[in-house]
Amino acid sequence: MMSHLPFGAFNPRFHGVSLFVTAERMGRIAGYEAVADPSSWAARSDALSLEEISTISVLDHERRHFHDFLVSPFGAVMMGMRMQASLAGLQAIKLLKQCVGKWVPAPIGRWIHWDDRQRRDWISTTGEAYGFTLGDVVALPHHPENAPAPHKSGIHAVADDLPVEEQLAQYALAATSGYRFMEVLRTKRVDGFGITIAADSVFEATAHLVQSQAIYTGQSAQASRLFEEFIANSDLSHLQALNTMALALHRATGDVSAERICELFTWMMLGPPDKVLSSGHPAARCGGVLTLLAQQPKNAVFRARAPTTAIFDALDRIFGEADWRSNVAAASAASDRRMAKFDRAAERLDGGYFDSLFAVARHWHSDQSASRSAFVEEPGSLSKPLRYVEESAYPAPFLEVRLPAGVHQRSKPVRSERMRAVAVDAEGLQAIGYTCQPPGSHPDGLLDATHNARITTHVMDLVFQDEPVADAYDKYWRDVLAGMIGKRVASLI
């Protein structure tokens, strides 16, 4: 039986990937690593569970998400907006400590958009149940949701001669607009063929295909078949597009080529960045490919043996969109311009968590450049699952290990050049998570910067996204936030 606890996660707020680890999962990983050779592991494949198979292969799945975001124009837009929102949000959080009040409403942008009547209604129905009144909440000006923003978009400075609450509101609205844009991109839907397609549908397709290949290569064919059966029988919404594509290809060609399916879904990520809300969105391109398959099942892009570049070029011609290389180049140019803005902002926003954010932004930009160069030179290094798993042509991500089920009681604090602990005690002995640096050489201080930036973006999401406190890990970050601003957070539910 599969656990309800996620195996891993990729979230742009962290420059890497996250694994959710329990003692049982650690035991499974240790057992796999202790096997002398793959044939020994394959010999017991009939005893493997889906839980075990997934635990061992989850890193391959999440790593593919990381690399898809590095390469794709969609990922570039999302990451750029994430950093802009983080910089505005951090400035807002710094101002919160100066404001009068015991409670901060979250998401803070929603409170700013609410008028006095809406605020009083919430206090009377929810706030009073928690024992506070309107006077206990940080005083923030009202700014109607559909009114023009009182600030420039992007990275900007608010005049410091304004009242602190007004400065806070302007930075908060800037951050809120960034979060809202990311949410629009992520939740954009395309309906058709009895399914609903979103960006997640595309990115989960490539990650699951790569994971299946990793299971086949690193565990056994039988383990891979068990995982593929899980995909085929799954009712998860983000796997509907993959299953629909596989079924339609089987009907059209009599075969299901995981390699061709992965090529098709990789192309869907490569839309023009200036059309990311319309025809360039991965969901829109996915809908287009499924329609083409329904109307022209014998089209060569579905049947012919051809290099990945030929498949991509043919799809560009069919849909009349900009060449995929041009789209990647446009995303690279936009990333360069954005990084130049970050460097200028770093001249006035320095010290502490700002330094960490800028250091991570520079490393992300470097990884983007390296990944796009590798991809443009040989797209098959990403689009072909076997090559991707075996060749490792892309930068290794940092790793966040989350311990949602409890505390890891250590005998001594972490003292490692490649790992930092998230500890709930001053001595560093009660760890609830770790940040790990991947193998290879990295700039001095990058591990600490990545670890600190992770702290910053997580507490920021608690203010601007109203994330649920799902486990001890999230509860800890809410406590950290309270310590940073000297106030508690009230969720606007």
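These numbers were taken from a predicted model, which means no experiment stands behind them.
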ask   = Quick one: does Arg110's side chain have a donor or acceptor within less than 3.5 Å of a partner on Leu492's backbone?
value = yes
Steps toward salt bridge (Lys or Arg N to Asp or Glu O under 4.0 Å) verdict (Asp336, Lys341) = CA-CA 9 Å; Asp336 292 343; Lys341 291 181 180 179; over 6 Å; no
For Met79, all residues meeting side chain to side chain contact (heavy atoms under 4.5 Å, CB included), sequence neighbours excluded = Pro12, Phe69, Trp364
ask   = Is the shortest side-chain N to carboxylate O distance from Arg387 to Glu378 below 4.0 Å?
value = yes
ask   = With no hydrogens and no angle check, is any side-chain donor or acceptor of Thr125 less than 3.5 Å from a backbone partner on Trp122?
value = yes
ask   = Would you call Asp68 and Arg64 a salt bridge, taking side-chain N to carboxylate O under 4.0 Å as the test?
value = yes
task = Taking all non-hydrogen atoms of both residues into account, name the closest pair between His142 and Trp114 and its distance.
result = ND1-O, 2.9 Å
query = Would one find more than 12 heavy atoms of other residues, nucleotides or ligands at under 6.0 Å from atom CG of Asp444?
reply = no
request  = Identify whether the distance between the nearest side-chain nitrogen and carboxylate oxygen of Arg117 and Asp121 falls below 4.0 Å.
outcome  = yes
message = Strictly distance-based, threshold 3.5 Å: is any side-chain N or O of Lys487 a donor or acceptor partner for the main-chain N or O of Leu96?
response = yes
query = Do Phe354 and Leu90 come within less than 4.5 Å of each other through their side chains, counting heavy atoms only?
reply = yes
query = Does some side-chain heavy atom of Lys188 sit less than 4.5 Å from a side-chain heavy atom of Val184?
reply = no
ask   = Which residue pairs satisfy the salt bridge (charged side-chain N to carboxylate O under 4.0 Å, His left out) criterion with at least one member in residues 169-185, sequence neighbours excluded?
value = Glu145-Arg180
query = What about the rings of Phe74 and Phe203, do their centers lie closer together than 6.0 Å?
reply = yes
message = Which heavy atom of Cys286 sits nearest to which heavy atom of Ala241, and what is that distance?
response = SG-CB, 4.0 Å
query = Are Arg372 and Asp367 close enough for a salt bridge, meaning some N to O gap below 4.0 Å?
reply = no
task = Would you check, one step at a time, whether the test ring pair (Phe, Tyr, Trp, His ring centres under 6.0 Å) holds for Phe342 with His365?
result = CA-CA 11 Å; Phe342 292 156; His365 183 252; 9.2 Å; no
ask   = Are Arg25 and Glu52 close enough, and set up right, to give a salt bridge (Lys or Arg N to Asp or Glu O under 4.0 Å), and what steps lead you there?
value = CA-CA 8 Å; Arg25 289 179 179 178; Glu52 187 170 14; over 6 Å; no
message = Is the distance from the ring center of Phe398 to that of His442 below 6.0 Å?
response = yes
ask   = Salt bridge check: are Glu321 and Arg285 linked by an N-O gap of less than 4.0 Å?
value = no
key: Closest non-hydrogen atom pair, Ser72 against Leu270   = CA-CD2, 4.5 Å
message = Any non-hydrogen side-chain atom of Arg362 less than 4.5 Å from a side-chain atom of Phe358?
response = yes
request  = Taking the six-membered ring for Trp and the single ring otherwise, decide whether the centroids of Tyr388 and His67 are under 6.0 Å apart.
outcome  = yes
remark   = On a heavy-atom basis, the closest approach of Ala172 and Ile112 is CB-CD1, 3.8 Å
query = Below 4.0 angstrom, N of the basic side chain to O of the carboxylate: do Arg189 and Asp200 qualify?
reply = no
query = Ring centroid separation for Phe7 and His61, is it under 6.0 angstrom?
reply = no
note = In this structure, NE2 of His208 is separated from SG of Cys262 (nearest 0.5 Å) by 12.5 Å
